[in-house]
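Report on the structure given below.
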Amino acid sequence: MGRGRFTSKRANFQTDLMSIGSFIVKNALRNKRRATLSILSVAVSLFLLVTLLVALRELTVPPEGEGAALRVVVRSRISIANALPARQRPIIERIPGVEAISPFTWFGGKFKSEEAMSFAQFAVDPVEFPRIFVESKVPVEQIKAFQADRQACIIGKITADKYKIKAGDRIMLSSTIYPTDLEFKVAGIYSGSIDDRNMFFHQKYLDESIGDPGEVGTWWIKVRSAEDMPRVVAAINRAFENTSAEVRAESERAFQLSFISMMGSIKLVVGLISTAVVFALMLVSASTMSMAIRERFRELAILKALGFRRRELFAFILAESFGLAMLGALAGVGGAYSLFTFGDIAKMTNGIFITFEVTHKIVGIGLLVAAGLGIIASIGPSISVARMSVVNGLKTLD
Amino acid sequence: MPTNPFMFMVLLVKIAFGGLIGWLVYSAFTSPMPLPYYFKNIFVRWRATLATMLGVALVVAVYVMLQAMAAGLEKASANTGDPRNLMIVRKGSTAESSSQVTREQFRLIPYLPGIAHDVKGRPLVSADVVVLISLPRKDGSGEANVMLRGISPSGMELRPQVALVEGRWFTPGKREVVVSGRMAKRFANFEIGGKFKTGGKELTVVGVTDGGNSAFDSEIWMDGDESRALFDRENYSSVLLRMENAAAGRTITERVEADKRLPLRALPEMEYYSSQTMTAVPIRFLGNLLATAMSIGAVFAAMNTMYASVGARTREIGTLRALGYRRRSILAGFLLEGAFLSLAGGVLGCVISLILYAVFYHHPLGTMSFQTFSEIVFQFRITPQLALKGLGFSEVVGVVGSLFPAIRASRLPVIAALKSV
């Protein structure tokens, strides 16, 4: 087993730091299978932890588009599902600081062949729309085509790719909200926004098909500058107070956050699971580490007999445990990072998640958990090594 | 036969695993094995064993809890309705909240043949108005959509699942509501006498209901006509009616389908509610994904423990072989040890989930339904089948994790094993 090697190197051991390093590395890799299995179990758990943390972040912190800081969303005070009267538009337009306004009406359409809706469609004002959603990039001629034809629509790139739709195609959607089926001409494909999954079409086309009830879902507004935002929000809320259609105006950010509050207990449950994963990870790695040390009780007793101090022995154990945990972290966190950063997340999750950003903070948490793990796992074995008497240690047969 | 190649692979793996277990049981009975030896060994290295066991327990607990959550979500909706009832909604609408029945259409419905009548001879028909209202949560964590249902006077008789447990029913023509006891725990001002504002008007809570774990536990109710006035609704959302018998139900469904004046669809009430379970799909998916990934990690851990165990017992294994125990007894013995270890972990995992279940029993969970966009309250739901599946998971971890170490143990050369220290 090569035990003699360590004693023969004893002479330059204390003077040569490099050989201490190689001693630790050799010890860690002596049982290659165990080292690999330990690293792998740490890696799998950290991969899971990072995935859960990113999912939790995606669920609780909505991605923010470039233009979001200048956008206001107006919805019915009763709830988002309640319609707003179209007559509100001129009143809002007159408020100073409002640059553009468009209706934004949920159509809830699905393809005939599909069970459920798989992407969102909104009825908008085609002229104002590009002024409000500045980050959606559409070729100029496509935007012109969209504005010119009442039946035209533009579709996000992710959805267009998924259904292999291209400009010039015709698509048929039946609404689950309104009693109507509509045929649309695809005028263009947009991309570059935070959510390239949606479809936009003319509010007028919807109105025509359902007998113009004079209603819209919500209003989306662009304000002139960030300083105008609070004043515009307050003015809109005030304008419809005590009318039959009271509204709630808020920044796009606040609007998105209110959706997240509706997710309710999901956040709690995902949090609980992450804790369970971390805890399971601690247990397993700590046990592996102490197994590795117990196997070497006799060697450590020899080192003790040769005059190594307790803290030196502790340093050996700590370095080995820490090193294995960090290697696992590199594989797990690194694997998650490269998969979610360079992989196509929309394709992998079938469009449930569009961004799945592994932030620096999450990478940091993953590495920190691994570091803590390495330290905690070394404590138990170190205590038993410190307590063991040399004579008993030398007697150990294991 | 599964057609999907992936499902076929899964089937093959299941068959192989079943064969392995069968062989284990067979050898346990046919070839002599020092069973007490293996059993006692579990407690010799108790620290490592305990850690592996707890690891397996957590995998099982996560699996069981997530599946219990999905099952609870499904049950919260699927458990709803009366088999004698038919529901009428607009063709093409997937949820009651997006359906519309105009007053002209509704006027024709009570004259359909085969509708049951109450003791006073009135047809048992309720025209409901469903409105989502945004209300603040009790814990101050923001607002959520609550489903408010305005019902006709026969609406209560049509829904025997809902019982009044506190206070009184609302008075028709007044701005009064009854709330479900579970919603009362999650939303502000939902106690008797509590008032909240919506649509510019104030509503008063006068009663608390219990929907018997149905979707009605996620609703608040008030008088139908009053709610139409309050929310400025000209039309109804849906119509619920009691049929005289199943045959009459079929006639009504066909009549509604055939009537050109009615762009509506009649379907059994229970069928409508059991179609509202899509919200559980992603949770089920997440549960399976996490359990698979975590059990891969647990297999690595179990392997480590068993390899160490085999390594430490090399001499003992040599002794057993020298005593005449055969290779396959050694193999089966170690597999049994692994299986027992993880079974104990699995049982512990089920116990952990039962404890969590008890903790959350009086605190209903809630989330937004993907179909109605309103809050649905639900509870974890642990069934014996679910617990068994969790145990099955733990067995896979135990047997797969100890397979390679067991093979190694059975292949040890006797003389070398005896010599090792």
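No hydrogens, no waters, no symmetry mates; every other heavy atom, side chains included, goes into these values.
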- Checking R313(B) against chain A: side chain, backbone, both or neither under 4.5 Å from a heavy atom? neither
- In terms of heavy-atom proximity below 4.5 Å to chain A, should E375(B) be classed as side chain, backbone, both, or neither? side chain
- Query: Heavy-atom count around R408(B) CZ within 6.0 Å, excluding the residue itself: above 12?
  - Reply: no
- Query: Can you say whether V59(B) sits under 4.5 Å from chain A via the side chain, the backbone, both, or neither, judging by heavy atoms?
  - Reply: neither
- Item | Salt bridge E246(A)-K201(B), side-chain N to carboxylate O under 4.0 Å | no
- Considering residues at least two apart in sequence or located in another chain, which fulfil the side chain to side chain donor-acceptor pair (under 3.5 Å) criterion with S374(B)? T372(B)
- Message: Please rank K91(B), R137(B), M303(B) by heavy-atom pairs under 4.5 Å with chain A and give me the top one.
- Response: R137(B)
- Message: Out of L356(B), T52(B), I133(B), return the one with the most heavy atom pairs under 4.5 angstrom to chain A.
- Response: I133(B)
- Query: What do you reckon, is CD of E234(B) surrounded by more than 12 foreign heavy atoms closer than 6.0 Å?
  - Reply: no
- Query: With a distance cut-off below 6.0 Å to the six-membered ring centre and an angular limit of 45° from the axis, does R33(A) pair with Y307(B) as a cation-pi contact?
  - Reply: yes
- For L148(B), is it the side chain, the backbone, both, or neither that has a heavy atom closer than 4.5 Å to a heavy atom of chain A? neither
- Message: Once side chain to side chain contact (heavy atoms under 4.5 Å, CB included) is applied, do any residues pair with Q379(B), and if so which ones, sequence neighbours excluded?
- Response: R182(B), N213(B), Y361(B)
- Counting a contact as any heavy-atom pair under 4.5 Å apart, which residues of residues 38-47 of chain A contact chain B? S38(A), L40(A), S41(A), V44(A)
- Task: Can you measure from OG1 (T305(B)) to CZ (R34(A)) and round to the nearest 0.5 angstrom?
- Result: 11.0 Å
- Query: Who among D232(B), N304(B), L58(B) has the most heavy-atom pairs with chain A under 4.5 Å?
  - Reply: N304(B)
- CG/N82(A) to CG/L132(B) distance, rounded to the nearest 0.5 angstrom? 8.0 Å
- Message: Can you tell me which of R90(B), E143(B), K197(B) forms the most heavy-atom pairs within a distance under 4.5 Å of chain A?
- Response: R90(B)
- Using non-hydrogen atoms only, which part of L257(A) is less than 4.5 Å away from chain B: side chain, backbone, both, or neither? neither
- Query: What part of M69(B) is in contact with chain A, defined as an atom under 4.5 angstrom from a non-hydrogen atom: side chain, backbone, both or neither?
  - Reply: side chain
- Spacing of I78(A) atom CD1 and L230(B) atom CG [to the nearest 0.5 Å]: 7.0 Å
- Can you tell me how far CZ of R75(A) sits from OG of S134(B), rounded to the nearest 0.5 angstrom? 5.5 Å
- In terms of heavy-atom pairs under 4.5 Å, which option from T198(B), N145(B), V299(B) contacts chain A the most? N145(B)
- Query: Can you tell me how far CZ of F360(B) sits from OG of S265(A), rounded to the nearest 0.5 angstrom?
  - Reply: 8.0 Å
- Message: For residues 175-182 of chain A, give me every residue with a non-hydrogen atom less than 4.5 Å from any non-hydrogen atom of chain B.
- Response: S175(A), T176(A), I177(A), Y178(A), P179(A)
- Flag the pair L290(B) / L52(A) as yes when at least one side-chain heavy-atom distance between them is below 4.5 Å, and no otherwise. yes
